[in-house]
Amino acid sequence: QVQLVESGGGLVQAGGSLRLSCAASGRSFSRYAMGWFRQVPGKEREFVAAISGGGVNAYYADSVKGRFTISRDNAKNTVYLQMNSLKPEDTAVYYCAATLRATQTSQRAYEYWGQGTQIIVSS
């Protein structure tokens, strides 16, 4: 089993940057593909980015492509989401998730979830 804890959320002005971290407990972290998702009240949770276990393959939602970068450090059991050029529409609770399946963009494929961290982008 994997436990995930996100950190790095907060308030930032539009155009600014933040880096989210997601620390995983447990062993064999590199076996898990990792994803970031986000959710605003009243809306479905949506895919943001995902990365394969070895960190070679990464996938992004069109809305964040070119602005966000997902990466991981398997020696530290941590996955990151670097967010640049933030927009007010990026405001959401951001969740990291883990799956033993191949890298996935669907939230249904993920077995483990963190508690979420809030990002607020002011205009």
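Worth saying up front: this structure is predicted, and the values here are computed from it rather than measured. Any value given below was found using the heavy atoms of this structure, including those in side chains, with hydrogens, waters and symmetry copies removed. Sequence positions, counted from 1, serve as the residue numbers for this chain.
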| field | Hydrophobic cluster identity match, Leu100 and Val2, side-chain contacts under 4.5 Å | value | yes

| request: Supply the atom-to-atom distance Gln13 CD to Ser122 OG, rounded to the nearest 0.5 angstrom. | output: 5.0 Å

| Considering residues at least two apart in sequence or located in another chain, which fulfil the ring-ring contact (aromatic ring centres under 6.0 Å, His included) criterion with Phe37? | Phe47, Tyr110, Trp113

| Do the side chains of Tyr60 and Val79 join up, straight or via other hydrophobic residues, at under 4.5 Å, putting them in one cluster? | yes

| message | Between Arg45 and Arg38 (side chain of the first, backbone of the second, donor and acceptor by atom type, cut-off under 3.5 Å), is there such a pair? | response | no

| More than 12 foreign heavy atoms under 6.0 Å from CD of Glu111: is that the case here? | yes

| Sub-3.5 Å donor-acceptor pair from the side chain of Gln118 to the main-chain atoms of Ala92, do we have one? | yes

| query | If we only count heavy atoms from C-beta on, is the Val93 to Thr117 side-chain gap below 4.5 Å? | reply | no

| task | Would you name the heavy atoms of Gly9 and Leu20 that are closest together and state the gap between them? | result | N-CD2, 3.7 Å

| request: Measure the OG-CG distance between Ser25 and Leu4 for me, rounded to the nearest 0.5 Å. | output: 7.0 Å

| query | So if you build clusters from Ile, Leu, Val, Met, Phe, Trp, Tyr with side-chain heavy-atom gaps below 4.5 Å, do Tyr80 and Val64 land together? | reply | no

| message | Surrounding NZ of Lys65 (heavy atoms of other residues, nucleotides or ligands, distance under 6.0 Å), is the total greater than 12? | response | yes

| task | Step by step, work out the side chain to side chain contact (heavy atoms under 4.5 Å, CB included) result for Ser17 and Gln82. | result | CA-CA 7 Å; Ser17 298; Gln82 177 67 42; 4.0 Å; yes

| task | Ignoring hydrogens and angles, tell me if any N or O in the side chain of Thr91 forms a donor-acceptor pair with the backbone of Glu89 under 3.5 Å. | result | no

| said: Are Tyr95 and Tyr32 linked, directly or through intermediate hydrophobic residues, by side-chain heavy-atom contacts shorter than 4.5 Å (ILVMFWY only)? | reply: no

| Between Phe29 and Arg72, is any pair of side-chain heavy atoms under 4.5 Å apart? | yes

| query | So how far is it from Ser21 OG to Lys76 NZ, rounded to the nearest 0.5 Å? | reply | 9.5 Å

| query | Any donor-acceptor pair under 3.5 Å linking the side chain of Asn57 with the backbone of Thr103? | reply | no

| remark: Ala14 and Ser123 have their tightest heavy-atom pair at CB-CA, 4.3 Å

| request: Please round to the nearest 0.5 Å and tell me the distance separating atom OG1 of Thr105 and atom OH of Tyr59. | output: 9.5 Å

| side chain to side chain contact (heavy atoms under 4.5 Å, CB included) between Asn84 and Phe68: does it pass, once the steps are laid out? | CA-CA 6 Å; Asn84 299 328; Phe68 290 11; over 6 Å; no

| said: Restricting to non-hydrogen atoms, name the atom on Ile51 and the atom on Ser71 that form the minimum distance, rounded to 0.1 Å. | reply: CD1-CA, 3.7 Å

| task | Mark yes or no for whether Glu6, through its side chain, and Gly116, through its backbone, hold a donor-acceptor pair below 3.5 Å. | result | yes

| Interatomic distance, Met34 atom CE to Leu81 atom CG [nearest 0.5 angstrom] | 11.5 Å

| query | Can you check whether Thr99's main-chain N or O pairs, donor with acceptor, with Arg31's side chain at less than 3.5 Å? | reply | no

| Electrostatic pair Lys87:Asp90 at N-O distance under 4.0 angstrom | no

| request: List the steps, then state whether side chain to side chain contact (heavy atoms under 4.5 Å, CB included) holds for Leu18 with Ile119. | output: CA-CA 9 Å; Leu18 279 176; Ile119 305 296; 3.6 Å; yes

| field | Minimum heavy-atom distance between Gln39 and Lys43, given as atom pair plus value | value | NE2-O, 3.1 Å

| task | Output yes when a side-chain donor or acceptor of Thr78 lies under 3.5 Å from a complementary backbone atom of Asp73, and no otherwise. | result | no

| message | Between Met83 and Arg19, does the side chain to side chain contact (heavy atoms under 4.5 Å, CB included) criterion hold? Intermediate values first, please. | response | CA-CA 6 Å; Met83 304 184 294; Arg19 188 176 81 157; over 6 Å; no

